[in-house]
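Note sheet for the following structure.
Computed over heavy atoms, backbone and side chain alike; hydrogens, waters and symmetry mates excluded.
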Amino acid sequence: MSFTLATWNINSVRLREPLVLKLLAEESPDVLCLQECKSPVEKIPLEGFHALGYTHMVARGQKGYNGVAILSKLPIKDAGGADYASLGHARHVAGQLENGVTIHNFYVPAGGDKPDREINEKFGQKLDYLTEMRDAFRAEKLQKSILVGDLNIAPREDDVWDHKKMRKIVSHTEIEIEHLAETQEAGGFIDITRQDIPEGLLYSWWSYRAKDWDAADKGRRLDHIWGTSDISNAAHSSRVLRDARGWTQPSDHAPVFATFDL
DNA sequence: ATGGTCGGCACCCGA
């Protein structure tokens, strides 16, 4: 069995319902993981998704902020949602497919502007969130698992438009990258996107503030697909749908895809 | 060093 999975920070699932429908209609991933739905679960618009065959969903939501959802053509059962760092935020949901694969969908805290937990509480919360993810993964010994989402960290030099300029910018600081690496290691995860596309600049996010995001191309790879080592060799065909950043009234993130033959 | 743009929601907070 082969299935294609996509992850997309949608920045309001209600406002951008038409873009979700466009993605589902044109690309038809079997599973779509969304972040920043900014909606209570009961207000996520499901009718159009159902009509396209996405009849299954697991989600966590809240009013106005955060929110994660997994839309699926395949049956998926709720496998929980954690509240790491005890923020009271809807930032994680897990679902299990009938083939036994568990999909973890995360929206890691962005971390504010200043990369110093002494003066910026949000940065400390981001690091604590990653530390608690790491500790949970160590305890759980994950198998047959896929982790996706907006991790709000671009770990590699070629995941950002200018490594030197970004070193002190939240999302590309050494301490964040170390925390992310420990979390990845603890879960036994392989970076599937970079397994498939090992070389070259690769981004999934471009700021709304740029005059011409496409020409300036000051991007970052904040959105990730990881797989545990027992299924990482089944993965292929990774890509970023950069075009979606240029759609009408877009999200500032583009969807990331991978296919697994399992 | 600064400001630039969004979305939610009801004033500014978060990104």
Side-chain angles (χ1 to χ4, degrees), chain A residues 7-23 33-45 59-69 83-92 105-117 119-130 148-155 159-162 164-173 175-177 179-180 203-224 242-256:
Chain A
T7 179
W8 196 11
N9 179 318
I10 193 62
N11 188 16
S12 175
V13 70
R14 283 182 279 173
L15 185 71
R16 277 183 254 285
E17 178 190 5
L19 295 194
V20 176
L21 292 169
K22 178 176 167 68
L23 183 86
C33 297
L34 297 171
Q35 304 86 35
E36 277 208 272
C37 296
K38 294 186 173 178
S39 173
V41 172
E42 64 273 17
K43 291 190 174 178
I44 296 174
R60 295 294 183 274
Q62 64 184 92
K63 186 180 173 184
Y65 300 96
N66 310 310
V68 285
D83 179 25
Y84 297 126
S86 304
L87 300 172
H89 295 172
R91 294 181 176 277
H92 172 236
N105 180 17
F106 277 99
Y107 175 47
V108 170
D113 287 335
K114 298 248 188 314
D116 178 351
R117 69 186 306 155
I119 57 174
N120 171 20
E121 181 186 37
K122 288 189 171 49
F123 193 71
Q125 290 172 349
K126 182 179 196 174
L127 298 180
D128 292 347
Y129 193 94
L130 291 160
V148 309
D150 177 4
L151 306 185
N152 266 313
I153 296 173
D159 291 337
V160 295
W161 66 280
D162 188 323
K164 277 192 174 174
K165 283 195 173 69
M166 293 289 299
R167 279 173 147 152
K168 292 178 178 166
I169 305 297
V170 172
S171 74
H172 193 63
T173 64
I175 190 166
E176 289 170 272
I177 292 166
H179 275 64
L180 189 69
Y203 313 137
S204 65
W205 174 88
W206 296 260
S207 173
Y208 284 127
R209 294 174 188 172
K211 261 202 194 83
D212 183 340
W213 71 273
D214 194 25
D217 203 20
K218 295 182 175 180
R220 307 177 198 174
R221 189 173 69 101
L222 303 179
D223 302 276
H224 299 266
R242 182 184 171 112
D243 282 0
R245 181 61 179 80
W247 291 351
T248 304
Q249 199 174 30
S251 167
D252 44 355
H253 294 253
V256 181

Closer than 4.0 Å, any side-chain N/O of [X] to the OP1 or OP2 of [N]?
X	N	answer
A:Arg16	B:dG7	yes
A:Lys211	B:dG4	no
A:Gln62	B:dG8	no

- Query: Base, sugar-phosphate, or nothing for A:Arg91, non-hydrogen atoms under 4.0 angstrom?
  - Reply: sugar-phosphate
In whole Å, what is the span from the [atom1] atom of [X] to the [atom2] atom of [N]?
X	N	atom1	atom2	value
A:Ile44	B:dG8	CD1	C1'	15 Å
A:Asn11	B:dC6	CG	P	11 Å
A:His253	B:dC6	NE2	P	14 Å
A:Lys218	B:dG4	NZ	P	15 Å
A:Gln249	B:dG8	CD	C1'	13 Å
A:Gln35	B:dA15	CD	P	14 Å
A:Glu176	B:dA15	CD	P	13 Å
A:Asn66	B:dA15	CG	P	7 Å

- Task: Anything under 30° is parallel, anything over 60° is perpendicular, the rest tilted; go ahead and classify A:Tyr84 against A:Tyr129.
- Result: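 Perpendicular.
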Answer yes or no: is there a donor N or O on one side and an acceptor on the other, between the side chain of [X] and the main chain of [Y], under 3.5 Å?
X	Y	answer
A:Asn9	A:Ser251	no
A:Asn66	A:Val68	no
A:Arg221	A:Ala154	no

- Item | Residue whose closest nucleotide on DNA chain B lies nearer the 5' end, A:Tyr208 versus A:Glu36 |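 The residue closer to the strand's 5' end, by nearest nucleotide, is A:Tyr208.
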- Between A:Ser12 and A:Tyr65, which is nearer to the 5' end of DNA chain B once each is assigned its nearest nucleotide? A:Ser12
- Message: Quick test of your reading of the model: are A:Arg242 and A:Asp214 salt-bridged, counting only N-O distances below 4.0 Å?
- Response: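 Yes.
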- Query: Nearest of B:dG14, B:dT5, B:dA10 to any side-chain atom of A:Arg209?
  - Reply: B:dT5
- Task: With P as the reference atom in both, quote the distance from B:dA1 to B:dA15 in angstrom, rounded to an integer.
- Result: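 Nearest-Å result for B:dA1 against B:dA15 at atom P: 24 Å.
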- Message: Can you check the distance between B:dG14 and B:dA10, where both ends of the measurement are the C1' atom (answer in whole Å)?
- Response: 15 Å
